[in-house]
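Reviewing the structure listed below.
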Amino acid sequence: MRIAPKELLAQRGQLDKDVVAVLVDGKIVDLHTPIEPPAKMDVLRQDSAKALEIIRHSTAHVMADAVQKLFPGTQVTIGPAIDNGFFYDFARPDHKPFNDADLAQIEAKMGEIIAGNHDFRREVVSRDEAKKLFQSMGETFKLEIIDAIPEGDDISLYRHGDWVDVCRGPHVPNTRFLQGVKLTSVAGAYWRGQESNPMLQRIYGTAFPSKKALDAYLKQLEEAKARDHRKLGKELDLFMMSDLAPASPFFLPRGAFVYNTLVDFVRKQYQRRGYREVITPQIFDKALWERSGHWENYRENMFMSFGADALEEVPEGRTARGTPLGEVFVSAGDKAKEKLAGSSLDYVCGCKAMNCPSHCVIFGAQRRSYRELPLRIADFGRLHRYERSGVTHGLTRVRTFSQDDGHIFCTPEQMQDEIAKFMDFFYAVYKALAFDKIEIRLATRPEKRLGTDEMWDKSEAALAKGLEARGLPYVISEGEGAFYGPKLEFHITDAIGRPWQLGTIQVDYNLPERFELEYIGADNAAHRPVMLHRAILGSLERFLGVYIEHVAGAFPVWLAPEQLALLTVADRHNDYAHEIRAEMEAKGIRVIVDDSNEKLGGKIRAARNLRIPYLGVVGDKEVEARAVALRSRIDGELGSIPLADVIARISKEGEFPTL
RNA sequence: GCCACCCUAGCUCAGUGGUAGAGCAGCGGUUUCGUAAACCGCAGGUCGUGGGUUCAAAUCCCAUGGGUGGCUCCA
């Protein structure tokens, strides 16, 4: 005998005013959905974290109600709760978007609906009834949704006031539970996420059990924005951008220092872990990319390049070699194609978007012995990828970057061990950099791919095994692998919680095949190696963006562009400051002197704003004692300390972390 | 690429059809100072760019570049 938890709680006298839903076997069940009376049932109150999702989903319904009241004829589609709130996608008959003024109006209407204290009600209907209902309402998207509900599942409707939606639930008992509501932004979104489908108008919002909780969230969001790497990049003179090279950062001296130091840090590890670094060309003959499969699978992301002679008309009596430019630029307009058609393309080049093909060229350039394997090749080469406008973002999504990239050529037998070694390396680095929350995704075969299903089966299994060997939890990203092989992606979130892939390891049987790579085994026969693509920090640009946010611009002593700022109290201390600066620089310490015409307080403020780890005040006492009044960003005032001790302390902290 | 919004001095921003502004930074001077902003002065902008409407455009319209938040795509 199934019964709604609402009745059950009422019978037991547990139906308090702040009960949102119940928890049965760890599953959230709203008060409307009939269940078998369970042995154990916990109540979820308004302020519990698990109630948040229900509140947000119900708020999405109220928003859809408000939108349909204000914009008659608008169709509803889907409206789930998400990490930071909820959204609902709409199709307006006039295809007009919502603007900020509309949002304010919708929010006001939502307030009215909520104030009406409407009960949410659930009912189960047959597929035909549901279809008839939404047919009569002209909700064609909902009809598609109903059709997608698996046979045998209940089709439930949720109503509040006079508004109805087909919905799995769960929902709050009454609109009065929705007290902290804010609409945040609008966005275009494709129906079912397909670019070929019509674009819907999405409205994002967030909701909390109370106005107070909402305000706290909004404040926290403000604070997160203060550590946005784009803002800090400007404030700390780390990097800049220019319209003349969209999505391509210019690293300024301070930023370039941090960048190079990260590279040095990884390089030092390479030395100990059997990697050999190479430097490879930037621009390659198209033939390389045809062989690697990039031409076929990755061309739209590549920058093309060609010599001036490619633009010359082909002279009379000579046959053009290569591909006419007009055929290369497939997405060029007809006019452009016509113009390019007569130009020969003896030498079209692709600017490299990945290092792997050149490493294959290196591997294949010599007869290789099994004794050389695993061969670990590292490359910090600069990559260029043509990113569509609209997807780029600060340092985290750019058009030019370099990775701490490496490719391991090994025997199939060595592969699992190499994956394990990589995992050790990876976690040692992230631990040293004080990252603890790392999400792992196993990205599996995409639609557009090279190689056989057997190869993909083997590759995916090898990566999963590598994770299971360490007992690491992971999620599967269906179809998100690279075109040549599956990957493990290591994701870290930025200041406002957006995840970014940094490190990766990918198994690849395909490129060795395409490049016909071989090594001679102990049996004196030729064998095909396996290739592992791997990066620890990933794109250094992206890593730095995430890392700046992680440390809020306050780099540890070993990474800080300046480790110590010497601040003089008055002009008469300037000579001493410059003298000891030279002494410290000779010992490898990075020092700046602020001998400007500012008061001490002003100098301290300026140095602190730059997040310099140590401040050293020099005045009469310090000159007298050959000392520095030291102040640490972390430990505060340390008092007057002899010069030699300051040098010792900063030198020690300035060493690279040991792994 | 698609949707919305934004672009005013090096930076942060004010200015909604009628003579382009502030703070900070910069420069010059004064001050010589002990732990988060000394004082005075000067200079700095074809209001992203190009068209249009208007007697008059930073402001309204169109196009275009760049950025922001999403969608899609990806390190």
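Each chain gets a letter, A, B and so on, in the order its sequence line appears, and its residues count up from 1. Note: hydrogens, waters and symmetry copies are ignored here, and every other heavy atom, side chains too, is used.
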Consider the side chain of A:Ser389, meaning its heavy atoms from C-beta on, and name the nucleotide among B:G34, B:C73, B:G1 that approaches it most closely.
-> B:G1
Counting only Watson-Crick or G-U wobble pairs whose two distances fall under 3.5 Å, which nucleotide matches B:G48?
-> B:U64
Could you check how far CG of A:Asp595 sits from P of B:U32, rounded to whole Å?
-> 17 Å
Give one of base, sugar-phosphate or nothing for A:Thr392, where a contact means two heavy atoms less than 4.0 Å apart.
-> sugar-phosphate
Picking from B:G34, B:C73, B:C74, the nucleotide nearest the side-chain atoms of A:Lys487 would be B:C74
Return the stacking result for B:A75 and A:Phe401: yes when the ring centres lie under 5.5 Å apart and the planes under 30°, no otherwise.
-> yes
Residues A:Glu637, A:Arg631: salt bridge by 4.0 Å N-O rule | yes
Per atom distances to the A:Arg385 side chain, the nearest of B:A75, B:G66, B:G70 is B:A75
Counterpart base for B:G17, defined by Watson-Crick or G-U wobble contacts under 3.5 Å | none
Taking the same atom, P, in B:A63 and in B:C55, what whole-Å distance lies between them?
-> 24 Å
Measure the distance from CD on A:Glu637 to P on B:A36 and round it to the nearest whole Å.
-> 8 Å
Span that lies between the P atom of B:C42 and that of B:G1, in whole angstrom = 47 Å
A:Asp571 near the nucleic acid: base, sugar-phosphate alone, or nothing, with a heavy-atom cut-off under 4.0 Å?
-> base
Closest listed nucleotide, where the reference is the side chain of A:Glu387 and the choices are B:G34, B:C3, B:A75 | B:A75
P atom, B:G51 versus B:A58: distance in rounded Å?
-> 14 Å
Taking the side chain of A:Arg542 as its heavy atoms from C-beta onward, which of B:C3, B:U72, B:C74 lies nearest to it?
-> B:C74
Proximal nucleotide (of B:U12, B:C71, B:G69) relative to the A:Lys234 side chain | B:U12
Look at the side chain of A:Tyr190 and decide which nucleotide, out of B:C73, B:A36, B:U72, has an atom nearest to it.
-> B:U72
Would you kindly compare A:Leu200 and A:Gly481 by the position of their nearest RNA chain B nucleotide and give the one closer to the 5′ end?
-> A:Leu200
Calculate the interatomic distance between A:Met240 atom CE and B:G66 atom C1'; express it in whole Å.
-> 13 Å
Check the distance between B:C74's C1' and A:Tyr484's OH and give it to me in whole angstrom.
-> 11 Å
Atom P, compared across B:U72 and B:A36: separation rounded to whole Å = 49 Å
Distance under 6.0 Å and angle within 45° of the ring axis: does A:Arg92 meet both against A:Phe98?
-> yes
Has the side chain of A:Glu300 got a donor or acceptor atom sitting under 3.5 Å from an opposite partner on the base of B:G1?
-> no
Remember a base hit wins even if backbone is also touched, and classify A:Phe87 as base, sugar-phosphate or nothing at under 4.0 Å, heavy atoms.
-> nothing
Paired nucleotide for B:U59 [Watson-Crick or G-U wobble; both distances under 3.5 Å] | none
Inspect the contact between A:Glu387 and A:Arg385 and indicate whether a charged nitrogen and a carboxylate oxygen are less than 4.0 angstrom apart.
-> no
Geometric cation-pi criterion A:Arg56 and A:Phe86, 6.0 Å radius, 45° cone | no
Classify the nucleic acid contact of A:Arg230 as base, sugar-phosphate or nothing, counting any heavy atom under 4.0 Å across all strands shown.
-> sugar-phosphate
Which base sits across from B:U31 as a Watson-Crick or G-U pair, both distances under 3.5 Å?
-> none
In whole Å, what separates the C1' atom of B:A37 from that of B:A75?
-> 41 Å
Name the nucleic acid region contacted by A:Gln506, choosing base, sugar-phosphate or nothing; use a 4.0 angstrom heavy-atom cut-off, strictly under.
-> nothing
Applying the 3.5 Å cut-off to both distances, the Watson-Crick or G-U partner of B:A22 turns out to be B:U12
When you get a sec, tell me which of B:G67, B:G34, B:G1 is the closest nucleotide to the side chain of A:Ala247?
-> B:G67
For B:C61 versus B:G28, give the span between their P atoms, rounded off to a whole number of Å.
-> 45 Å
Using heavy atoms to find the nearest nucleotide of RNA chain B for A:Arg202 and A:Ser539 separately, return the residue whose nucleotide is more 5′.
-> A:Arg202
Is the cationic atom of A:Arg441 (NZ for Lys, CZ for Arg) positioned less than 6.0 Å from the six-membered ring centroid of A:Phe490 and within 45 degrees of its normal?
-> no
Going by modelled atom types, is there a donor-acceptor pair between the base of B:C74 and the side chain of A:Arg399 at under 3.5 Å?
-> no
Using 30° and 60° as the class limits, which term best fits the ring planes of A:Phe435 and A:Tyr547: parallel, tilted or perpendicular?
-> tilted
Select base, sugar-phosphate, or nothing to describe what A:Gly390 touches, counting heavy atoms under 4.0 Å on all strands.
-> base
In whole angstrom, give me the gap between the P atoms of B:G17 and B:U59.
-> 11 Å
A:Arg605 CZ to B:C33 P, straight-line distance once rounded to whole Å | 23 Å
Just call it for A:Ala629: base, sugar-phosphate, or nothing, with non-hydrogen atoms closer than 4.0 Å on any strand.
-> base
Ion pair present between A:Arg230 and A:Glu549, side-chain N to carboxylate O less than 4.0 angstrom?
-> no
May I ask you to decide whether A:Asp237 forms a salt bridge with A:Arg254, counting only side-chain N to carboxylate O separations under 4.0 Å?
-> no
Before accepting this row, confirm whether a basic side-chain N of the pair A:Asp620/A:Arg572 lies closer than 4.0 Å to the acidic partner's carboxylate O.
-> yes
Listed nucleotide nearest any side-chain atom of A:Val398, set B:G69, B:A75, B:U32 = B:A75
How long is the line joining CZ of A:Phe90 and P of B:A4, in whole Å?
-> 16 Å
Decide if atom NZ of A:Lys142 counts as having more than 12 heavy atoms of other residues, nucleotides or ligands within a radius under 6.0 Å.
-> yes
Between B:G69 and A:His393, is there an OP1 or OP2 to side-chain N/O distance shorter than 4.0 Å?
-> yes
A:Asn597 side-chain proximity, nearest of B:G69, B:U30, B:U35 = B:U30
Touch class at under 4.0 angstrom, heavy-atom based, for A:Lys621 against every strand present | base
d(CZ, A:Arg388; P, B:C2) in whole Å | 9 Å
Distance-only donor-acceptor test (3.5 Å): side chain A:Glu235, base B:A25 = no
Pick the P atom in B:G26 and in B:A57, then give their distance to the nearest Å.
-> 37 Å
In whole angstrom, give the distance that lies between atom CD of A:Glu598 and atom P of B:A36.
-> 14 Å
With a 4.0 Å cut-off on heavy atoms, is A:Asn609 in touch with a base, just the backbone sugar-phosphate, or nothing at all?
-> base
